Chemist: 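There's a structure below that I have some questions on.
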Amino acid sequence: MASASSTRRVATPKWLSCWLEFPFRIKNNQTGEYVEEATAHAMDYSARGPINQCGSFVGSAMIRLAAVKAMKAGTPTIYGMKPSSVLTVASLIVNISAGVTMPFVGALVDHTDHRKIMGTVSAFIMTVAVAVQIAISEDTWLAVWIFEIIGGYFLIMHQVCTMAYLPDLTHESAEMGHYTARFMIDQYFVQACFTLIIILVSTYWDHQDNGVIASTIATARLSAGMATGIGCVLFTYAWTFLFRKRPKLREIPEGSNIFTTGFRQIAVTTKHVFSKYRALRWFVVALLFSPEAGAGVVLSIAVTFLTFHVRMTVTEIAIVSIIMLFCNVPGALISKFMCRKVNPLNSFRCAEMFYAMVNALIAGTVSGPEKKGLVYPYAAMAGLAFGWMFPSQRTLTVAIIPKGQETEMMGLISFFGQILGWLPALLFTIMNENGVDMRWSMSLVSYFLATSCCLTFMCGSYEDAVQLVAHTSDEYLKQYSRNSGVDNFFDEEQIKDENDGTDGSGTNTPPSTEGKEDGVVEMA
């Protein structure tokens, strides 16, 4: 249910929507009609997939080039850190910066009508940052590292903008589970196809015997170029034709300004949630330790572990990635089934513990390059866990937040996701710089997952949590109809019907659908 005050869709050339939009269209389970902004989310997720995956190829190249640079300089460090700490330091910078500034970003989303502009700009900067990485080389790796940080920050900002649109799709947890599972499946499919092409090309380059570094650089450049192209097409279409401009949800409170109101709102919302909503309170606390806390942290740790500890080539890392991606799809289907069978909260718990177990097995049994073969079955298990965990988390989020307060609640959840998002990267870096076996550093992820799962048991009953916020849906609709002028609109229509001599029974001729494709519902 998108905002009634949102702008109408920009007209799409029919030939363009037929071949580009069609594969991403998603039906509403209840009406059987396609929902435009659900399609927009699917395209946005699918654009982010290759950009996320590109980070593993470019990251592997960066840490190898940093190691070469340090070796030529005759020192074990580069710019004061070990080459194996380069990626985790980047994640540390990104997540501390995001944690400090996201309340301000949330204020812009909440208190201005710039939500769509911010989503568009963040997607543009993210894509440009990836495009710059095409120039990676031994001389430019530091500049690429800086743009990796810039892109990582704007990825988090972009996620805040898209999450603000998410609750407008539906208030039903089952329907949201359907949407989020489909978003993830689309993302994983595009990401898997992207990775498969990288594997095929990089395998050919490996056979040319140009050396590991040359092959790694070529693969990183190819991945950055492809991710840039996919991002340009899908981001541009979704944010030009499908996402709607939204009005500001509320005015800036008296005595505040755009720079401070976000922090004040976080404090007020936190107090409100912690005093009235037990399940939501403990859920946001659990998110402090979730694997999604801190964008790119798990990826940076995994790429560093596979590159330095397991001694995998970029092609082998790509094979690990594609195994995970193909297993993400059945994982998303497991999430959809489990959310219906045992509720989203229990589904999320099971997924977290499953992933904690897989990560513990990796840390405990992959002792070095000679155990490289174990990584591949573990990658399949980790892929199932990822595909299962994140749709369950998003479905749970929408189910237990009070309706009509989605934007501030999503802002609170994003903020809590960043408060300690930098901690795994910091601990990994400290342990790595002090020569601790990287297997112990890798095991940190399992400790964070187990902590997150244990905290969710403080949420209480899922049914009670949903019931607690159920009344807010009707209150929200009534309040929104008053604020948006919908009531006045129907009053005016009734007067018009009376003047025209009609009975106002709703049997008037339906609006024309000329120029619209069959079965596509505009979210007005």
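Given the structure is predicted, the values throughout are model-derived calculations rather than measurements.
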Chemist: What pairs with S122 under side-chain hydrogen bond (donor to acceptor under 3.5 Å, both in side chains), at least two apart in sequence or on another chain?
Modeler: H158
Chemist: Could you grab the distance from atom CE of M157 to atom CE of M118, nearest 0.5 Å is fine?
Modeler: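 The CE atom of M157 sits 4.0 Å away from the CE atom of M118.
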Chemist: Ignoring hydrogens and geometry beyond distance, is a side-chain donor-acceptor pair present between S84 and T304 at under 3.5 Å?
Modeler: no
Chemist: Give, for atom CD1 of I301 and atom CZ of F428, the distance between the pair rounded to the nearest 0.5 Å.
Modeler: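 Separation between the atoms: 6.0 Å.
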Chemist: Could you check whether any side-chain N or O of N359 sits under 3.5 Å from a backbone N or O of Y355, counting only pairs where one atom can act as donor and the other as acceptor?
Modeler: no
Chemist: Does T180 reach the main-chain N or O of T395 with its side chain, forming a donor-acceptor pair under 3.5 Å?
Modeler: no
Chemist: Which atom names give the shortest non-hydrogen contact between G99 and F415, and what distance separates them?
Modeler: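 Shortest heavy-atom separation between G99 and F415 comes out as O-CE1, 3.5 Å.
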Chemist: Looking at every non-hydrogen atom in both residues, tell me the closest pair between A38 and I26 and how far apart they are.
Modeler: O-CD1, 3.7 Å
Chemist: Take S335 and S392 through the side-chain hydrogen bond (donor to acceptor under 3.5 Å, both in side chains) test and state the conclusion after the steps.
Modeler: CA-CA 6 Å; S335 170; S392 298; 2.9 Å; yes
Chemist: Measure the shortest side-chain to side-chain distance between V58 and F147 over non-hydrogen atoms and say whether it is less than 4.5 angstrom.
Modeler: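 No; the side chains remain at least 4.5 Å from each other.
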Chemist: Using the ring of each side chain (for Trp, its six-membered ring), is F283 parallel, tilted or perpendicular to F348, with breaks at 30° and 60°?
Modeler: perpendicular
Chemist: Kindly state each residue pair satisfying salt bridge (charged side-chain N to carboxylate O under 4.0 Å, His left out) with at least one member in residues 47-67, sequence neighbours excluded.
Modeler: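 Of all non-adjacent pairs touching residues 47-67, those that pass salt bridge (charged side-chain N to carboxylate O under 4.0 Å, His left out) are D44-R48.
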Chemist: Verify the neighbour count for atom NZ of K27: are there more than 12 heavy atoms of other residues, nucleotides or ligands below 6.0 Å?
Modeler: no
Chemist: With sequence neighbours excluded, tell me which residues meet side chain to side chain contact (heavy atoms under 4.5 Å, CB included) with R349.
Modeler: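 With sequence neighbours excluded, R349 shows a side chain to side chain contact (heavy atoms under 4.5 Å, CB included) to L345, N346, C453, T456, F457, given in chain and number order.
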Chemist: Please report the C-alpha distance between F243 and W239 in whole Å, then the side-chain angles of each, then the deciding distance to 0.1 Å, and finally whether the ring pair (Phe, Tyr, Trp, His ring centres under 6.0 Å) criterion is met.
Modeler: CA-CA 5 Å; F243 281 113; W239 289 94; 4.1 Å; yes
Chemist: Are the side chains of M102 and Y153 in contact, using a 4.5 Å heavy-atom criterion?
Modeler: yes
Chemist: Quick one: side-chain hydrogen bond (donor to acceptor under 3.5 Å, both in side chains) partners of H41, sequence neighbours excluded?
Modeler: none
Chemist: For residues A98 and I156, report the shortest heavy-atom separation together with the two atoms involved.
Modeler: CB-CD1, 3.6 Å
Chemist: Testing the basics here: between L65 and S137, what is the closest heavy-atom pair and its distance to 0.1 Å?
Modeler: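 So the minimum-distance heavy-atom pair works out to CD1-O, 3.5 Å.
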Chemist: Mind checking what makes side chain to side chain contact (heavy atoms under 4.5 Å, CB included) contact with T236, not counting sequence neighbours?
Modeler: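 Partners of T236 by the side chain to side chain contact (heavy atoms under 4.5 Å, CB included) criterion, ordered by chain and then number, come out as T240.
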Chemist: Can you measure from OH (Y45) to CD (Q159) and round to the nearest 0.5 angstrom?
Modeler: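 The distance works out to 8.0 Å.
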Chemist: Mind running side-chain contact (heavy atoms from CB on, under 4.5 Å) on M43 and L20 for me, showing each step along the way?
Modeler: CA-CA 10 Å; M43 297 182 82; L20 182 58; 4.0 Å; yes
Chemist: Determine yes or no for a side-chain-to-main-chain donor-acceptor pair under 3.5 angstrom, with S452 supplying the side chain and A286 the backbone.
Modeler: yes
Chemist: Name all pairs fulfilling the salt bridge (charged side-chain N to carboxylate O under 4.0 Å, His left out) condition that reach into residues 424-448, sequence neighbours left out, sorted by first residue then second.
Modeler: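 Salt bridge (charged side-chain N to carboxylate O under 4.0 Å, His left out) check on residues 424-448 returns no pairs.
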Chemist: Check whether any side-chain heavy atom of Y462 lies under 4.5 Å from a side-chain heavy atom of L396, and answer yes or no.
Modeler: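 Yes, close enough: below the 4.5 Å cut-off.
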Chemist: Are L427 and F448 close enough that some pair of their side-chain heavy atoms sits under 4.5 Å apart?
Modeler: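 Yes, at least one pair of side-chain atoms sits under 4.5 Å.
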Chemist: To the nearest 0.5 Å, what is the distance between OG on S321 and CD1 on I198?
Modeler: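 Here the rounded value is 10.5 Å.
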Chemist: Of all heavy-atom pairs between I400 and A465, which one has the smallest distance, and what is that distance?
Modeler: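 In this case the closest contact between I400 and A465 is CG2-CB, 4.0 Å.
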Chemist: Checking T216 now: which residues fulfil side-chain hydrogen bond (donor to acceptor under 3.5 Å, both in side chains) with it, not counting sequence neighbours?
Modeler: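 Here no residue qualifies.
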Chemist: Could you give the distance from NZ (K82) to OG1 (T88), rounded to the nearest 0.5 Å?
Modeler: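 One gets 11.0 Å once the value is rounded to the nearest 0.5 Å.
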Chemist: Side-chain contact test, heavy atoms from C-beta onward, threshold under 4.5 Å: evaluate it for L155 versus N52 and give yes or no.
Modeler: yes
Chemist: Please tabulate, for the side chains in residues 373-388, all donor-acceptor contacts under 3.5 angstrom to protein atoms that are two or more places apart in sequence or on a different chain.
Modeler:
| unit_1 | atom_1 | unit_2 | atom_2 | d |
| --- | --- | --- | --- | --- |
| Y378 | OH | T365 | OG1 | 2.9 |
| W388 | NE1 | S347 | O | 3.3 |
| W388 | NE1 | S347 | OG | 2.9 |

Chemist: I'd like to check the side-chain hydrogen bond (donor to acceptor under 3.5 Å, both in side chains) partners of T195; sequence neighbours left out, ordered by chain and number.
Modeler: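 Checked T195 against side-chain hydrogen bond (donor to acceptor under 3.5 Å, both in side chains); zero matches.
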Chemist: Between NZ of K69 and OG1 of T75, what distance do you get to the nearest 0.5 Å?
Modeler: 11.5 Å
Chemist: I'd like to check V86 versus Y79 (side-chain heavy atoms, cut-off strictly below 4.5 Å). Are they in contact?
Modeler: no
Chemist: Ignoring hydrogens and geometry, is there a side-chain-to-backbone donor-acceptor pair from R221 to I136 under 3.5 Å?
Modeler: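 Side chain of R221 to backbone of I136: a pair is present.
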Chemist: Decide yes or no for W141 and I78: does some side-chain heavy atom of the first lie under 4.5 Å from some side-chain heavy atom of the second?
Modeler: yes
Chemist: Does S91 offer a backbone N or O that forms a donor-acceptor pair with the side chain of N95 under 3.5 Å?
Modeler: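 Pair found, side chain donor or acceptor close to backbone of S91.
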Chemist: Given Y179 and V35, is the side-chain contact (heavy atoms from CB on, under 4.5 Å) satisfied, shown in steps?
Modeler: CA-CA 10 Å; Y179 286 137; V35 182; 3.5 Å; yes
Chemist: Applying side chain to side chain contact (heavy atoms under 4.5 Å, CB included), name anything that partners A218, two or more places apart in sequence or on another chain.
Modeler: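 Expected list: W205.
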Chemist: Within the side chain of T170, is there an N or O that forms a donor-acceptor pair under 3.5 Å with the backbone of M176?
Modeler: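 Such a contact is absent between T170 side chain and M176 backbone.
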Chemist: Got a donor-acceptor contact below 3.5 angstrom from the T120 side chain to the K116 backbone?
Modeler: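 Yes.
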Chemist: Would you find a donor on one side and an acceptor on the other, under 3.5 Å apart, between the side chain of T140 and the backbone of A135?
Modeler: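 Yes; at least one donor-acceptor contact below 3.5 Å.
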Chemist: Ring-plane angle category for Y237 and F241, please: parallel below 30°, perpendicular beyond 60°, tilted otherwise.
Modeler: tilted
Chemist: Go through N432 and S441 one step at a time and tell me if the side-chain hydrogen bond (donor to acceptor under 3.5 Å, both in side chains) criterion holds.
Modeler: CA-CA 7 Å; N432 186 55; S441 305; 6.0 Å; no
Chemist: Evaluate the side-chain contact (heavy atoms from CB on, under 4.5 Å) criterion for residues E138 and I213: first the C-alpha distance (whole Å), next the side-chain angles of each, then the deciding distance (0.1 Å), finally the verdict.
Modeler: CA-CA 9 Å; E138 188 176 334; I213 297 297; over 6 Å; no
Chemist: Taking salt bridge (charged side-chain N to carboxylate O under 4.0 Å, His left out) as the cut-off, I'd like each qualifying pair that reaches into residues 183-201, sequence neighbours left out, listed once.
Modeler: R182-D186
Chemist: Can you tell which of V273, L280, L287, I401 makes a side chain to side chain contact (heavy atoms under 4.5 Å, CB included) with L412?
Modeler: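 Only match with L412 under side chain to side chain contact (heavy atoms under 4.5 Å, CB included): V273.
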Chemist: For V329, check side chain to side chain contact (heavy atoms under 4.5 Å, CB included) against everything at least two apart and list the hits.
Modeler: I185, Y188
Chemist: Do V201 and T219 have side-chain heavy atoms sitting under 4.5 Å apart?
Modeler: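 Not touching, per the 4.5 Å side-chain cut-off.
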Chemist: Considering all heavy atoms of both residues, which atom of A40 and which atom of A238 are nearest to each other, and what is their separation?
Modeler: O-CB, 3.8 Å
